[in-house]
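This is the structure I want to talk about, given as structure tokens.
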There are 2 protein chains.
Amino acid sequence: MELSDRKKKILQAIIDDYIASAEPVGSSHILKNHDLGVSSATIRNEMASLEEAGYLEKPHTSAGRVPSYLGYRVYVDQLMNEYRLSIAEINQITHALGKKYIELRRAIDSISDIMSALTDYTAIYTTPSSSLVTISNIKLIAVEARSFVVVAVCHDGSVRNRTIRTAKAYEAEVLEKLSNYLSYRFAGCDVSEFTPEVLSAEKELIPVDGALIDSVFDFLSDIANEAETVDVVLNGTTNIFKHPEFNDIGRTKEFLNFLKKDNSKMIKSLLSATGDTTSVIIGNENPVLKDKDISLVVSNYSLGGSMKGKLAIIGPTRMDYAKVISTLDYLTACINDVMGNDKGDDQT
Amino acid sequence: MELSDRKKKILQAIIDDYIASAEPVGSSHILKNHDLGVSSATIRNEMASLEEAGYLEKPHTSAGRVPSYLGYRVYVDQLMNEYRLSIAEINQITHALGKKYIELRRAIDSISDIMSALTDYTAIYTTPSSSLVTISNIKLIAVEARSFVVVAVCHDGSVRNRTIRTAKAYEAEVLEKLSNYLSYRFAGCDVSEFTPEVLSAEKELIPVDGALIDSVFDFLSDIANEAETVDVVLNGTTNIFKHPEFNDIGRTKEFLNFLKKDNSKMIKSLLSATGDTTSVIIGNENPVLKDKDISLVVSNYSLGGSMKGKLAIIGPTRMDYAKVISTLDYLTACINDVMGNDKGDDQT
DNA sequence: TTTAGCACTCCAAAGGTTCGAGTGCTAAAG
DNA sequence: CTTTAGCACTCGAACCTTTGGAGTGCTAAA
């Protein structure tokens, strides 16, 4: 059903007001705060019609109207005004992106932190991961007589390492020879190729002490398994208390339980189901959120080219979508600019 | 003031019951559930006396008694019965400690996770850190034509690394020579010695392209700064909802706000103020917790010898101290056994 | 010193009342 | 046909009152 211009205006007015106030919006409120040039009775008629069409709901007979999920959807897709970030907000972002980080993970963590601070909602991100991680170099570096570090350097610039203690001491020369052989043998291999079969076949070919090989191959097989591990991390959880819906303990419990660690698999799949552009998931639109009154705005970030992940904001359905979407878009654009080239690592 | 045996028994009974039920305990309750051989009137008299001595409090005239902070202190130090872990609990711990971890951080994280699951409270830990980190080896490993990884291996087996991309390409030989020199020069140095002064003096001495040196020294100076960074991590935050005190939204807000990121400095100092043995901080005993009705049980863990940190449980003052202390003690003993020697791995 | 008995206290829960914001409907006006 | 003023009606939020019971402290007797 196509909405008349007036209906659109009224719907937008109601949702704007409801997002701002968290109170059901009545016809006389709209009359007072918006210049529609019609009486409250007319607005009431339109509201009744919008309700029938499924865009609005009534908590009870004598309350105002509240947007339905469908209402929010129309609002997000067609009605809302664009939010422009203030100078102060832009400065805050610029400043935070200027910092140096030992690890990329720290960078994205601190970005999600800003995100939650700017929006007053909770930020979620998935830890960056590469779809393809190929080995560039493997080195065994002696630490002490009976311990060494094995370092696997990948083409995307990421590094994995483990300290290994051994029963007997190995000559530096042995370690170096093994380093050279492994680097030669596995250069260009994707880590996913480190299957038990490949490794045990390989082991036969190397004329070095079995225990040494085993410990190194254990490590390789572990990084193969870990390659797929993506964590979900939260920031600004307590921001929820800034919103009146979370003065209700039941609501708060439900929200926090949804976010808890045990549930990260579900959240991961929720995030990864979104496409390449910023997308909005409103309340019941995803069965996982059924009756939870939770919405998400999800976008994609990428660090140093090949490391990618999702950065999202989660909050009540009554969310300031305009602000969240703009901020998220701006921020991820910045990340991709700043981190994409001069920082971190990349293959050219 | 020394308490009579009977007073001790009554105090213990009250606190035991209160911990179990979360309801103020009345004299007739004690009469019913404990075999003290005296009437409720006598118990009432004793309770009045315990209250006067500061071990008990009354929420209001016609309610039962509730332990004061002082009461809990006496209970923890003298009165409570030891809690014995069940076979199931021990199995759970053993099983979790048997897993393999690419990183030590993962290990302690998963341990704190178990801890929170076993106790139904929130677990806190500080990330492991070494008081002294001395360099064993520094290696520059080429990734591609114009990028390399610099890896700093330390004597405690920890490794730090960074990928560096350069304007021009360097020969593998140059990188190797520089590796050798840096390893030779800095072997045995504590990372804290990487001050701007030392590094810039050193730079003069090395006959290699300045940009190359700069990028490597930047890294070294960053790890010097990061050496002191200890994070505070939480697990099982939502466990609080299992306890009736957190049916109150105000209480819940206060608790979660206390735990939030911005406050980690305070928590860190709270944890680090404890000694080498497991210690209990009850409510107001620490000014930081003033009127927050929060208690902590804090213990020390160590991974692979030199990496140490704090592992703690935080919850309402009405906490099952006996269970928490036993579980924490058992768990940290296990960590120190299992992780102390044969495992040792780390990653940036 | 202990205990039965009793008056007293005070909260929690349940029920009742009031108030007002908001609605839908009707009938008249545009 | 659309808009609007007018009005009766609805229903929850906020406030008060009542009631019941758990628990106390005190007193006087054992």
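Just so we're on the same page: letters track the sequence lines, and every chain starts at 1. Computed from a predicted model, the values in this text were never measured in an experiment.
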* To do: Would you sketch DNA chain D in dot-bracket for me? Only Watson-Crick or G-U wobble pairs with both distances under 3.5 Å count, crossing pairs as [ ], other-strand pairs as |, the rest as dots.
  => ||||||||||||||||||||||||||||||

* **Qualifying residue for side-chain contact (heavy atoms from CB on, under 4.5 Å) with K310(A), from L270(A), I267(A), T274(A), L296(A)** =>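 With K310(A) as partner, L270(A), I267(A), T274(A), L296(A) yield a single side-chain contact (heavy atoms from CB on, under 4.5 Å), made by T274(A).
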
* Do other residues, nucleotides or ligands put more than 12 heavy atoms under 6.0 Å from K260(B) NZ? ->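 Enclosed: over 12 neighbouring heavy atoms sit under 6.0 Å from NZ of K260(B).
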
* Over how many whole Å does the gap from I43(B) atom CD1 to dG25(D) atom C1' extend? ->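 Value for this atom pair: 15 Å.
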
* Indicate whether OP1 or OP2 belonging to dT3(D) is found under 4.0 Å from a side-chain N or O atom of R6(A). =>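 Yes, within the criterion.
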
* **Distance (rounded to the nearest 0.5 Å) between T61(A) OG1 and K58(A) NZ** =>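 T61(A) atom OG1 to K58(A) atom NZ measures 6.0 Å (nearest 0.5 Å).
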
* Asked: Roughly how far, to the nearest 0.5 Å, is the CG atom of N284(B) from the CD1 atom of I294(B)?
  ->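 Here the rounded value is 11.0 Å.
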
* Flag, side chain of H243(B) to backbone of D120(B), donor-acceptor distance under 3.5 Å ->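 Here the side-chain-to-backbone pair exists.
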
* Structure fact -> Going 5' to 3' through nucleotides 8-20 of chain C and flagging B where a protein heavy-atom sits under 4.0 Å of the base, S where only the sugar-phosphate is that close, and - otherwise, we get -BBS---------

* To do: Before accepting this row, confirm whether a basic side-chain N of the pair D109(A)/K261(B) lies closer than 4.0 Å to the acidic partner's carboxylate O.
  =>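 A salt bridge is present here (some side-chain N lies under 4.0 Å from a carboxylate O).
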
* With respect to S295(A), which candidate in Y72(A), Y121(A), Y321(A) satisfies the side chain to side chain donor-acceptor pair (under 3.5 Å) definition? ->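 Single pass found, and it is Y321(A).
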
* To do: Check I30(A), I43(A), L31(A) against V38(A) for a side-chain contact (heavy atoms from CB on, under 4.5 Å) and give me the one that passes.
  =>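 Only one of I30(A), I43(A), L31(A) forms a side-chain contact (heavy atoms from CB on, under 4.5 Å) with V38(A), namely I43(A).
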
Polar atom pairs (N or O), protein with nucleotides 4-6 of chain C, under 3.5 Å:
from, atom 1, to, atom 2, distance (Å)
dG5(C), O6, R44(B), NH2, 3.4

* **Separation of atom CD in E51(A) from atom P in dG24(C), rounded to whole Å** =>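 It works out to 7 Å between those atoms.
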
* To do: State which residues pass side chain to side chain contact (heavy atoms under 4.5 Å, CB included) with V66(A); sequence neighbours excluded, sorted by chain then number.
  =>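 Testing V66(A) for side chain to side chain contact (heavy atoms under 4.5 Å, CB included), a comparison that skips the adjacent residues, returns Y18(A), P24(A), P59(A).
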
* Expressed in angstrom and rounded to an integer, what is the separation of E46(A) atom CD from dG22(C) atom C1'? ->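 Interatomic distance, CD of E46(A) to C1' of dG22(C): 18 Å.
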
* Is N263(B) reaching over with its side chain to a backbone N or O of L259(B), donor-acceptor style, under 3.5 angstrom? ->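 Side chain of N263(B) to backbone of L259(B): no pair is present.
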
* Asked: Within the structure, does a side-chain N or O atom of R65(A) lie under 4.0 Å from either OP1 or OP2 of dG24(C)?
  ->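 R65(A) to dG24(C) OP1/OP2: side-chain N or O found under 4.0 Å.
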
* **Length of the CG-P vector between L56(A) and dT23(C), whole Å** =>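 About 10 Å, once rounded to whole Å.
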
* Near-strand residues of residues 14-34 of chain A, defined as heavy-atom separation under 4.0 angstrom from DNA chain C ->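 Under 4.0 Å from DNA chain C: G26(A), S27(A), S28(A), H29(A).
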
* To do: Could I get the full list of side chain to side chain contact (heavy atoms under 4.5 Å, CB included) partners for D293(B), not counting sequence neighbours?
  =>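 Listed in chain order: Y69(B), R251(B), T317(B).
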
* Asked: Can you tell me how far P of dC9(D) sits from NZ of K58(A), to the nearest Å?
  ->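 My rounded result for the distance is 17 Å.
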
* Asked: CG of N247(A) versus C1' of dA13(D): gap in Å, rounded?
  ->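 N247(A) atom CG is separated from dA13(D) atom C1' by 16 Å.
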
* Starting from C1' on dT2(D), measure out to CD1 on I10(A) and report it in whole angstrom. =>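 From I10(A) CD1 to dT2(D) C1': 14 Å.
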
* State whether the side chain of S68(B) and the backbone N or O of G54(B) hold a donor-acceptor pair below 3.5 Å, judged by distance alone. =>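 Yes, S68(B) side chain to G54(B) backbone: donor-acceptor pair under 3.5 Å.
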
* Just how far, in rounded Å, is P of dT2(D) from CG of N45(A)? ->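 Between P of dT2(D) and CG of N45(A): 11 Å.
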
* Asked: Is the number of heavy atoms from other residues, nucleotides or ligands within 6.0 Å of CG (D35(A)) greater than 12?
  ->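 Atom CG in D35(A) is not crowded, with 12 or fewer foreign heavy atoms closer than 6.0 Å.
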
* D5(B) CG: over 12 foreign heavy atoms closer than 6.0 Å ->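 Counting other residues, nucleotides and ligands, CG of D5(B) stays at 12 neighbours or fewer.
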
